[in-house]
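Here is how names work: the chains are called A, B, and so on, in the same order as the sequence lines, proteins then strands, and each is numbered from 1. Note that the structure is a prediction, hence the values are computed from the model and not measured. Scope of the values below: all heavy atoms of this structure, side chains included, with no hydrogens, waters or symmetry mates.
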2 protein chains.
Amino acid sequence: MATTREAILEAALRGFGKKGYDATGIREIAAGAGSNVASISYHFGGKEGLRAACAEHIVKLMGTVLASGRSEEPPLATPEAAEATLAALVRSLVRFLLLDPDGALVAGFMMREMAQPSTALDTIYEGLFEGAHARVCAIWSAVTGQPADAEAVRLAVFATIGQILYFHIARPVVNRRMEWPAIGEAEAAAITDTILRNLHARLAADRDQAS
Amino acid sequence: MATTREAILEAALRGFGKKGYDATGIREIAAGAGSNVASISYHFGGKEGLRAACAEHIVKLMGTVLASGRSEEPPLATPEAAEATLAALVRSLVRFLLLDPDGALVAGFMMREMAQPSTALDTIYEGLFEGAHARVCAIWSAVTGQPADAEAVRLAVFATIGQILYFHIARPVVNRRMEWPAIGEAEAAAITDTILRNLHARLAADRDQAS
DNA sequence: GTCTATAAACAGATAGAC
DNA sequence: GTCTATCTGTTTATAGAC
């Protein structure tokens, strides 16, 4: 059962994620939720409150997504096992962002918040980015032997995440240049392959340097 | 000497690049250009025409930027020379996007067009992206020996560009996680270092595979 | 070409009936 | 809780004086 509040929240994320906060009117959101304009002020105290609620919704949603992906306690005992865990993370993040419709909406919301930060970005940073980035740094450390909090490690993790997110952001340009009608399973696999080649090559170089 | 038309164009790019098309009013643009609302309709036929003119302006601007960077005919005779050319491109693109105020505006405009494509994206794709991407693919090919139009090469070039652009897009998140007050020369150098490490590691792997 | 004044449509917020 | 009608301010576009 979907309450009116939940329906509004989903319609808002759909609008904000696809067209952006400013370009999405509260009438449009209310209509998409099968409700009316006044219900937004009633449930969220206004459009800004709706943006804040979207951020909290994303933190909870991604928390469960990431938790499910981490259900089978990832083995970090050996560098090889840690590298496999890292590769699995890349695979699932590419799939989520490029193949799951919810992934595109969540990413759209986050990207626009980064371009024009509001308090919603603070919510997402503290509730999601900070912990997730630190966790990936720890796995990276288990592969290369570098300290998890080293500047080079933190930047390398950002660079890897950046490759994945860029294929989402630049989708219209990528599709055109690759002559792809759309990104499906086969295209996502090709993208994953390129990112994993970069990842493995870099990890090998970092490991060599550490020895 | 700056004509009114040019002043409006620059004020528009400033607004569109920083806050986005929808969030930037034509009054605000006119005021920033020291003019009035009616002058926008007079010179550009309306707000949409101004967006299209911004796209053409960006194509011309980036054309001269890229041409100046390519003034000393890049040597591609040997794989090593081609790799150095590729590294130089990464260096100058990082500097432009992270240190040059114009770079942030141009990138902001392009990123928002990708998230919400209009005909302005077509203008930028055909006038800039397509040719630039193909040129980088050719250099990549000179390094690794792979065909310049191979799917793997085109994707690898996108992944490299993605790393650079992501450090611009995610700047607020990166700064917070890296505990950087802002991105200056030192921070840009650290970012360049990470991206070049990824690039060289991947190129080496591709070259080994080709042999 | 430049500007002021205004038109017409839109936004978000809210009062009040149910 | 839900909805309609309305208030208030802002948007883009434009008419018309200079």
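Between A:S141 and A:Q146, every side-chain heavy-atom pair lies at or beyond the 4.5 Å cut-off. Side-chain contact between B:K18 and B:T24: absent, with no pair of heavy atoms (C-beta onward) separated by less than 4.5 Å.
For the pair A:K47 and A:Y21, the distance from NZ or CZ to the six-membered ring centre is under 6.0 Å and the angle to the ring normal is within 45 degrees.
The distance between atom CG of B:N36 and atom C1' of C:dG1, rounded to the nearest whole Å, is 10 Å. Per the geometry, CD1 belonging to A:I8 stands 14 Å off P belonging to C:dG12, to the nearest Å. Computed from coordinates, the B:Y42 OH to D:dT12 P distance equals 21 Å when rounded to whole Å. Nucleotide D:dA13 holds its C1' atom 16 Å from the NE2 atom of B:H43, rounded to whole Å. The NZ atom of A:K47 sits 17 Å away from the C1' atom of D:dT8 (whole-angstrom rounding). When the C1' atom of C:dG12 is taken as reference, atom CZ of A:F16 falls 12 Å away, rounded to whole Å. Distance CZ (A:F44) to P (C:dG12): 15 Å, rounded to an integer number of Å. Atoms CD1 (A:I26) and C1' (D:dG9) sit 13 Å apart, rounded to a whole Å.
For D:dT12, the base has a donor-acceptor partner in the side chain of B:R27 [N/O atoms by modelled type, under 3.5 angstrom].
Of the candidates D:dT4, D:dT2, D:dC3, D:dC3 carries the atom nearest the A:S35 side chain, counting heavy atoms from C-beta on. When distances run from any side-chain atom of A:A38 to the nucleotides D:dT14, C:dT14, C:dG1, the shortest one goes to C:dT14.
Side-chain nitrogen and oxygen atoms of B:T4 include none within less than 4.0 Å of the OP1 or OP2 phosphate oxygen of C:dG1.
Residue B:S39 is out of contact with every strand shown, counting any heavy-atom pair closer than 4.0 Å.
Residue-to-nucleotide proximity on DNA chain D shows that, of A:V37 and B:G25, the 5′-proximal contact is made by A:V37. When each of A:G46 and B:R5 is assigned the nucleotide of DNA chain C with its nearest heavy atom, B:R5 is the one assigned upstream, toward the 5' end.
Between B:Y166 and A:Y166, the distance separating the two ring centers is not shorter than 6.0 angstrom.
Donor-acceptor pairing under 3.5 Å is recorded for the side chains of B:H133 and A:R177.
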